[in-house]
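The block underneath contains the structure these notes are about, expressed in C-alpha cells.
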Amino acid sequence: MLRSRIIGTGHYLPEKVLTNFDLEKIMDTTDEWIRQRTGINQRHVVGPDQAASDLGLKAGRRALETAGVAPEEVDYLICATLTPDYFMPSSACLIQHKLGLTRAAAVDINAACSGFVYGLQMADAFIRAGVHKTILVIASEVLSLRLDWTKRDTAVLFGDGSGAVVIRGEEGEQGILSTFAAADGHAYDILHIPAGGTRLVLTPENITDTERGIIMNGRELYKRAVMAFGEAVEKALQQTGCKAEDIDIFVPHQANERIIDSAAKRIGLPSEKVYLNLDRVANTSAASIPIALDQARREGRIEENDLVLLAAFGAGLTWASAMVRW
Ligand code: ACO
C-alpha cells in the first residue's frame, strides 16, 4: 500500500530566550502564575532581521538533511503560518527560492495552531492520489511581533520558532495512517487579531491600538479547546482502530499543559507517553508540533515503527489530528 512516510524532521528556534522572570520585569505577572496556569518557563523570540521565512528556511534545510533528500527532489512546499513575511507573496515562495527547491510549487496555509496537521493532511492526500511524491511541510511562526506586549493575558503564552517534515510516498506499512481536520468559525472572535487585514485596516491613527495584537477570551477558549482537542484524539483512535495502549507517544500542540492532560486522560493515555516542550518553547502556534516532533526524535523518544499520535487546536476554531506509524 502506498503511504506517506515522514522521512526527515528539523526545527529551528531563534537564539534569544525570554524567561518568565524577564517578563516579570516588563509586565505585571509572575513566574509562578505563568507556570501554574500554563506550564511555560521560557520562550524564544526573533532578532531584528528575522521573519517567518528565515526561520522556516533553517527548519526546512535541517529536515531535508535528515531525510537525505536533495532540494530538487521536492515536488511541493506547504508552509503553515499565521505570521507570514508579507500578505503577498507567500512565505512558502520565499523559502522555495532560498532552499533551491527548483521543481517545487509552493503555498502558504493558515489554520492557526492546527496549520501543521492541516498541511500534513493535504500532503498525505496529494501523495496517495499520485499527484506528488515528495513534499516538504514547514510551519513557521513569529508570534512575538503580533503580540501586544502590554497585555499580560496573551504576551506570556507565545513564542517564535519553526519545524519541518519531509514526506515521501513509499510502499509499506509505515507512514500516515489517518488524518482528521475540523473547523467552526462561529466563535472566531474568542481568539483573533482584529486589525491589519482588510476588515480593520491599519492606519496612522490605530497603529498603536490593542487591536493590532492577539485578542483572546482565555476562559471560553479553554472550554472549547478541551472539547475539540478531545474529539481530535478520539477520531484518530476511531479511524485507525488503534487503542490508547498501542500509542507509543502523543505529540500534542503545546498550548497549555492542563488542556493536554485532559485530552490524554480522555483516552486513558499515561503522562509518560505525552511529549511536552512548552516549558522551554511556549506556544509556537502551527510550528509547535513539528518542533516537538523533531526534538522527540532527536532525544530518542520516537523510534522506527512507533505509533505516534498528533493533535492540535487553534484559532478559527480549528482542530485536527493524525496517527503515524513512524
Ligand atoms: N500574570 C498574572 N495574572 C494574570 C495574567 C498574567 N500573565 N494573565 C491574566 N492574569 C489574571 C487575570 O487578570 C485574572 O485576574 P482577576 O481574577 O483579578 O480578574 C486572573 O489572572 C485569572 O485570569 P483568567 O483568564 O481567568 O485565568 P485562567 O485560569 O483562565 O488562565 C489561561 C488563563 C492560562 C490563558 C487559560 O484561560 C487558558 O489556558 N486558556 C486557553 C488559552 C490557550 O490555550 N491559548 C492558546 C491559544 S490556542 C492556540 O494555540 C492558538
Side-chain angles (χ1 to χ4, degrees), residues 18-43 80-83 109-119 139-144 146-161 163 181-185 187-194 210 213-232 251-264 276-279 281-292 310-321:
L18 272 184
T19 65
N20 293 348
F21 295 106
D22 294 326
L23 297 187
E24 281 184 359
K25 292 180 199 140
I26 57 172
M27 65 185 74
D28 181 18
T29 191
T30 61
D31 169 62
E32 192 190 4
W33 191 97
I34 302 169
R35 272 191 296 107
Q36 279 181 359
R37 305 280 171 132
T38 68
I40 295 166
N41 290 336
Q42 62 170 46
R43 70 285 296 140
T81 183
L82 65 88
T83 50
I109 60 167
N110 178 354
C113 302
S114 309
F116 174 75
V117 185
Y118 264 63
S140 191
E141 301 283 17
V142 183
L143 292 151
S144 66
R146 290 318 303 261
L147 288 170
D148 179 345
W149 285 94
T150 66
K151 290 192 85 242
R152 64 179 183 175
D153 64 328
T154 46
V156 303
L157 300 178
F158 296 96
D160 303 335
D184 178 7
Y188 76 94
D189 57 351
I190 62 173
L191 181 60
H192 77 316
I193 302 175
T210 196
I214 296 174
I215 306 275
M216 182 181 81
N217 177 341
R219 285 206 179 159
E220 192 54 37
L221 184 60
Y222 189 94
K223 279 190 269 172
R224 288 172 189 259
V226 166
M227 301 281 290
F229 211 38
E231 186 192 342
V251 181
H253 169 47
Q254 311 277 323
N256 180 310
E257 204 170 322
R258 290 183 296 160
I259 298 174
I260 295 170
D261 281 349
S262 83
L276 290 177
N277 70 0
L278 89 167
D279 56 328
V281 176
N283 181 349
T284 55
S285 190
S288 134
I289 289 180
I291 292 171
L310 313 176
F313 70 94
L317 296 181
T318 55
W319 59 107
S321 62

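Keep in mind it's a predicted model, so treat the numbers as computed, not measured. Side chains included, hydrogens not; waters and symmetry mates left out as well; all remaining heavy atoms used. Note that ligands are numbered from 1 as they come in the structure, with each ligand's atoms numbered from 1 the same way.
When each atom of ligand 1 is checked for a heavy atom of Asn256 under 4.0 Å away, the hits are 34 (C), 38 (C), 39 (O). Numbered from 1 in the order shown, with element, the atoms of ligand 1 that lie under 4.0 Å from a heavy atom of Cys113 read 49 (C), 50 (O), 51 (C). Taking every non-hydrogen atom of Val156 and a distance limit under 4.0 Å, the qualifying atoms of ligand 1 come out as 7 (N). Within ligand 1, counting atoms from 1 as listed, the ones closer than 4.0 Å to a heavy atom of Tyr222 are 38 (C), 39 (O), 40 (N), 41 (C). Per-residue contacts place Ala255 under 4.0 angstrom from the following atoms of ligand 1 (heavy atoms of the residue considered): 44 (O), 50 (O). Listed by atom number, the atoms of ligand 1 under 4.0 Å from Asn283 heavy atoms are 46 (C), 47 (C), 49 (C), 50 (O). Numbered from 1 in the order shown, with element, the atoms of ligand 1 that lie under 4.0 Å from a heavy atom of Leu221 read 42 (C), 43 (C), 45 (N), 47 (C), 48 (S). Using a 4.0 Å cut-off to heavy atoms of Met216, the atoms of ligand 1 that qualify are 35 (C), 42 (C), 45 (N).
Scanning both residues, Asp279 and Leu276, for their nearest heavy atoms gives OD1-O, 4.2 Å. Phe229 and Ile260 get closest at one heavy-atom pair: CE2-CA, 3.9 Å. Considering every non-hydrogen atom in both Ile34 and Arg43, the closest pair reads CG2-NH2, 4.2 Å. Across all their heavy atoms, Ala320 and Ala232 have their closest contact at O-CB, 3.7 Å.
Other residues, nucleotides and ligands place more than 12 heavy atoms under 6.0 Å from the CE atom of Met216.
Scanning the protein heavy atoms around atom 6 (C) of ligand 1, the nearest turns out to be Thr29 OG1, 3.3 Å. Looking at atom 30 (O) of ligand 1, its nearest protein heavy atom turns out to be Arg219 CG, 3.6 Å. Taking atom 28 (P) of ligand 1 as the reference point, the nearest protein heavy-atom neighbour is Arg37 NH1, 3.4 Å. In this structure, the protein non-hydrogen atom closest to atom 12 (C) of ligand 1 is Arg152 NH2, 3.8 Å. Given atom 21 (O) of ligand 1, the protein heavy atom at minimum distance is Trp33 NE1, 3.2 Å.
For atom 17 (O) of ligand 1, the nearest protein heavy atom is 4.0 Å or more away. Less than 4.0 angstrom separates atom 46 (C) of ligand 1 from at least one non-hydrogen atom of the protein. Shown here, atom 14 (C) of ligand 1 is out of close reach of the protein: none of its heavy atoms lies under 4.0 Å off. Protein heavy atoms are found less than 4.0 angstrom from atom 50 (O) of ligand 1.
Of the N or O atoms in Thr38, none lie within a sub-3.5 Å distance of an N or O in ligand 1. Taking distance alone, with nitrogen or oxygen atoms compared against 3.5 Å, Gly218 approaches ligand 1 more closely than that limit. Some N or O of His253 is nearer than 3.5 Å to an N or O of ligand 1, by distance alone.
Results of the side chain to side chain contact (heavy atoms under 4.5 Å, CB included) test with Ile214 over Leu143, Leu82, Asp148 single out Leu143 as the only residue that passes.
Contact annotation: for Ile34 versus ligand 1, there are no heavy atoms closer than 4.0 Å.
Using modelled atom types, one finds a donor on one side chain and an acceptor on the other under 3.5 Å when comparing Glu141 with Thr83.
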